[in-house]
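Order of the sequence lines sets the chain letters (A, B, ...), proteins ahead of strands, with each chain counted from 1.
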Amino acid sequence: MESIRVKVETIVHELFDMAAEVTIERPDAQFGDAATNVALQLAKPLGKNPREIAEAIAGRLRQSEDIGGVTIAGPGFINIRLTDYALIHQIYRRPQHLYDSKNIVFEYSCPNAFKELHTGHLYQTIYGDIAARLLLVGGAKLHRTSFGGDVGLHVAKCLWGMRQVLGGDEPGKLDDIAHDAFERARWISECYVRGAGAYEGNAKAEIDELNKTIYGFHDKSDHASSLAQIYWTTRQWSFDYFEAFYKLIDVEPMRYYPESETAPTGLKVVREQLQQGKLKESDGAVVYEGDESKHLHTRVFITGQGLPTYETKDIGVIWLEKRDYDFDHRYLLTGNDQKEYMRVVFAAAMDFRPELAGTMTHMTNGTVRFADGKKMSSRMGNVSRAADVIEAIREKVAAIVADESMRESVVLGAVKYAFAKYRLGGDINFDLDETVNLQGNSGPYLQYAHARARSILSKSGESFVKPQEIYDEDRMLVRKLGEYSETVETAMHELAPHHICNYLFELAQEFNRYYEKNRVIGDEKEAHRISLVALYADILKAGLMLLGIQAPEKM
RNA sequence: GCACUCGUAGCUCAGCUGGAUAGAGCACUUGCUUGCGGAGCAAGAGGUCGUGCGUUCGAAUCGCGCCGAGUGUACCA
C-alpha cells in the first residue's frame, strides 16, 4: 500500500505539479484491492472534473507492473486491483519501525504499596504491557516504570491496623501470618480496613502522628525500631506481591519508583522553582498558579503543613526518570480522572524545564464496570480485586477446556483480549461470560482458531512453499493476510491494540469461510493450500504474541 | 458556573486526519450437520449514527447551539 501511495503522489506531482496528500484505502472487495479519492480532492483546486482527473491518473497507474487493473467508479474513485505477485508480496511485508532507537519511558500500572491490586490495575497493567510491546516491536529502547505510595496516610492507617492485629509492635509475629505473597497482601489489606475504620473513629490523631513517624523511617534510615521493622518487612511483602501478580498474569515487570524516593527529589525541585518565582506561596501552601485562558487549575504542591502533595511527587518521578533514562519520550497511562490534574503537572514540569516540551504524553483509561456485578459479588465477595477476577475466569475456563495444562494460557488469553479489544479512553464493560465465550470475538476463540490451523498442518504431508499464484477462491483470504503489517503499524502508531484484535478476528472469520468451501487435505491443490494455512497460522500467532497472548498448538 | 470525556442495531463495541449501500460479536429467526477440529458456514431481521443548525460536490466523522451521562475544578491520590 505504501508503494501505491508513493506512486500516486508521484503521478499527481508529474501530471499537475501539485503535492497532494494521498490516502490509500482498503475498499469493499467488489471495488478492488486498493482505492484512492485524490481525484475528488484535486477537483476543486484544479478546477477540473474529478472523473477526468481520475482517468489521467488511472492511465499512468495502468503502466505499473504491480497493478492488475484500474477502474474509475462513482464520482471519481480510483479503484486498483493488484497483481497476484503484489498481493502475495504484501503478506511478507514487515511492519515499519516507527520508534526506531527512540529512548522511551512508559509508566503504567502504578499500584500503591500496602494495598491490593484492583480491576482498574488489572486493566491498566494489561493494556500498558501490550502498548509497551508495541513500542518494543516498533524498535524503541523501552523502559517500563511504575510509581506508587509507600508512605502517606493510607500506610499509616494500615500500620495502625497491624499493631492491633499483632497485639503491639511485634515484628517477630509477622512470621506466623502467611508465606504466600497473595495471602500476605490480603492480610495487609485487612489491617488497612481496620485502620481506616479507626481513623473515622477516635484514632485520627494517633494515625496522623504515625504518618509522620513513617516518613521518619525514611528520613532517618530507621530499620531498627520494632515498628520500623514491621514497616520495612510488610513494605517488602507488597513489592513481592506486585511481582507475584505480574508473573501470574504474565506481563513484564517495571522499575518501581516509590513515593518515598520521588518526594525528596520533587521537594528539592519545587523549592528551587519557588525561588525562581515559578511557584507562589498562598495561604501558607506552595502552589502552581493555573492559567485560566488555558483552563489550567491552580494546584497545591506543598501543603500548609510543609508536606509534599502528589503533584510534587509526580514532578519527582519525572525528574528521576529523566535522570535514570534520559528519555526522548515519556508515556504515562493513568485513569481518566487524572486528566485535568496531569495537565497542570505537565504544564508545571515544562515551565520548570522547557526542554521537556513535547516529550510527554498522557494517556488515560476509563473505569471497569462489571456487566454481571451482582452475580460476581455474591459469589466472590470483593468483586473489584484483580486476583478474584482471574480466579472467576479460571473457574469458567475449567468448565470448557479439558486439558489442564492448557487452561492457564486460555485464562490469560481471555482476560488480556477482553481488555485489549476496547479503544482506550471510555469506561469498559467487563462481561465475564463474553470474555470466555468461545463463540465470537474473544481470546479463546482466536486461540482455538490457531490450534485448529496447526492441527490441519500437522495432518498434511506437504511442507510449506511460498505461494506463487492466487486462485479465485484464495483472493479474499490472501488480501486479508496482507493487511497484517499495516494493521500493526496503525496499532503501533496510536498505541491502540484494539486494531489488532479486530483484525485477527476478521482474519479468522475470513479463514473459516475459506476453509468451509475449500478442502485442504487430499485436494489436488493441497500443497498450495497448506501454505496458505501456514501463513494464516503464523500471522495469527504473531498477532496474539503482540497482545501478550500465547497461541497454543492444541486446545 | 467553567473545563474535559462520552452518546452508533435490543445488549457490548468498531468505524471518527470527511467520501461509494453505516460494520462486527452476543441475543433472535431459518437453513447447512454421518465434519481436513461445526468452538464453524450461509441467509434473515434489527439503525432518523442523542438532537437542531451550519461548512462541503459529499458529514457518524468537522464547527456551533441544545438535551442526556460521567469526570475534574488548591492543601487526597
Spacing between A:Asn336 atom CG and B:A3 atom C1', to the nearest angstrom: 14 Å

Lys/Arg-Asp/Glu bridge criterion (N-O < 4.0 Å) met for A:Glu289, A:Lys278: no

Sugar-phosphate only, base, or nothing, as touched by A:Glu516 at under 4.0 Å among non-hydrogen atoms: base

Flag, side chain of A:Asp291 to backbone of A:Leu296, donor-acceptor distance under 3.5 Å: no

Sugar-phosphate only, base, or nothing, as touched by A:Asp523 at under 4.0 Å among non-hydrogen atoms: nothing

P spacing across the pair B:C6 / B:U61, given as an integer number of angstrom: 13 Å

Heavy-atom donor-acceptor pair, A:Tyr515 side-chain to B:C36 base, under 3.5 Å: yes

Span that lies between the C1' atom of B:A9 and that of B:A24, in whole angstrom: 11 Å

Selected nucleotide, minimal atom distance to A:Arg369 side chain, candidates B:C41, B:C13, B:C4: B:C13

Which residue lies more 5' along RNA chain B, comparing A:Ile456 with A:Ala285 via nearest heavy atoms: A:Ile456

Residues that A:Phe511 engages under ring-ring contact (aromatic ring centres under 6.0 Å, His included), provided they are two or more places apart: A:Tyr515, A:Tyr536

Check: B:G19 base within 3.5 Å donor-acceptor of A:Asn37 side chain: yes

Out of B:A24, B:A74, B:U73, whichever nucleotide has its closest atom nearest the side chain of A:His297: B:U73

Ring centres under 6.0 angstrom apart (A:Phe505, A:Tyr445): yes

Partner residues of A:Phe242 under the ring-ring contact (aromatic ring centres under 6.0 Å, His included) criterion, sequence neighbours left out: A:Tyr256

Among B:U21, B:G15, B:A27, the one nearest A:Gln30 by side-chain distance: B:U21

Sugar-phosphate only, base, or nothing, as touched by A:Ala43 at under 4.0 Å among non-hydrogen atoms: nothing

d(CG, A:Asn365; P, B:U71) in whole Å: 15 Å

B:U71 phosphate, OP1 or OP2, under 4.0 Å from A:Lys339 side-chain N/O: no

Sugar-phosphate, base or nothing in reach of A:Glu259, heavy atoms under 4.0 Å: sugar-phosphate

Ring centre gap for A:Tyr341 and A:His297 strictly below 6.0 Å: no

Presence of donor-acceptor pair under 3.5 Å, side chain of A:Ser282 and base of B:A74: yes

Distance, rounded to the nearest Å, where A:Glu281 contributes CD and B:C75 contributes P: 17 Å

From B:A74, B:C26, B:A24, nucleotide with atom closest to A:Asn437 side chain: B:C26

Among B:C26, B:C75, B:C13, the nucleotide that comes nearest once only the side chain of A:Asn429 is considered: B:C13

CD1 on A:Ile78 to CD1 on A:Ile72, rounded to 0.5 Å: 5.0 Å

Electrostatic pair A:Glu473-A:Arg513, nearest N-O below 4.0 angstrom: no

Protein-nucleotide distance (A:Glu434, atom CD; B:A24, atom C1'), rounded to Å: 11 Å

Atom-pair distance (CG on A:Asn441; P on B:C26), nearest Å: 9 Å

Under-4.0 Å side-chain N/O to phosphate OP1/OP2 contact, A:Arg423 with B:C16: no

Selected nucleotide, minimal atom distance to A:Asn512 side chain, candidates B:C41, B:C75, B:A77: B:C41

Euclidean distance, atom NZ of residue A:Lys280 to atom P of B:A74 [Å, nearest integer]: 18 Å

N/O (side chain, A:Arg519) to phosphate O (OP1/OP2, B:C36) under 4.0 Å: yes

Carboxylate-amine/guanidinium proximity below 4.0 Å for A:Arg81 and A:Asp33: no

Touch class at under 4.0 angstrom, heavy-atom based, for A:Pro444 against every strand present: nothing

Whole-Å distance separating the NE2 atom of A:His121 from the C1' atom of B:A77: 11 Å

Lys/Arg N to Asp/Glu carboxylate O, A:Lys212 vs A:Asp208, below 4.0 Å: no

For A:Asp351, all residues meeting salt bridge (Lys or Arg N to Asp or Glu O under 4.0 Å), sequence neighbours excluded: none

Closest to side chain of A:Pro27, choosing from B:A3, B:C41, B:A20: B:A20

A:Glu462 bridged to A:Arg529 by N-O distance under 4.0 Å: no

Which residue lies more 5' along RNA chain B, comparing A:Asp28 with A:Gly440 via nearest heavy atoms: A:Asp28

Touch class at under 4.0 angstrom, heavy-atom based, for A:Tyr422 against every strand present: sugar-phosphate

Distance below 4.0 Å between A:His498 side-chain N/O and B:G15 OP1 or OP2: yes

Any A:Gln509 side-chain nitrogen or oxygen under 4.0 Å from OP1 or OP2 of B:G25: yes

Short side-chain N/O contact from A:Arg513 to OP1 or OP2 of B:A42, under 4.0 Å: yes

Touch class at under 4.0 angstrom, heavy-atom based, for A:Phe505 against every strand present: sugar-phosphate

Under 3.5 Å donor-acceptor, A:Asn502 side chain and A:His499 backbone: no

Aromatic ring proximity, centroids under 6.0 angstrom, A:Tyr127 and A:Phe419: no

Touch class at under 4.0 angstrom, heavy-atom based, for A:Gly149 against every strand present: nothing

For RNA chain B, the residues among residues 70-80 of chain A that have a non-hydrogen atom under 4.0 Å from it: A:Ala73, A:Phe77, A:Asn79

Residue A:Gln41, side-chain atoms from C-beta onward, closest of B:G19, B:A14, B:A74: B:G19

Sugar-phosphate, base or nothing in reach of A:Lys44, heavy atoms under 4.0 Å: sugar-phosphate

Closest listed nucleotide, where the reference is the side chain of A:His499 and the choices are B:A74, B:U21, B:G15: B:G15

Dot-bracket encoding of pairs in RNA chain B, which uses [ ] for pseudoknotted crossings and | for another strand, Watson-Crick or G-U under 3.5 angstrom: (((((((..((((.....[...)))).(((((.......))))).....(((((..]....))))))))))))....

Contact summary for A:Arg51 and A:Ala73, nearest pair of heavy atoms: NH1-C, 4.0 Å

A:Tyr445 OH to B:G40 P, straight-line distance once rounded to whole Å: 6 Å

Residues touching RNA chain B, which here means a heavy atom under 4.0 Å, drawn from residues 309-319 of chain A: A:Thr309, A:Tyr310, A:Lys313

Touch class at under 4.0 angstrom, heavy-atom based, for A:Ala35 against every strand present: base

Salt-bridge present (A:Arg5, A:Glu9; N to O < 4.0 Å): yes

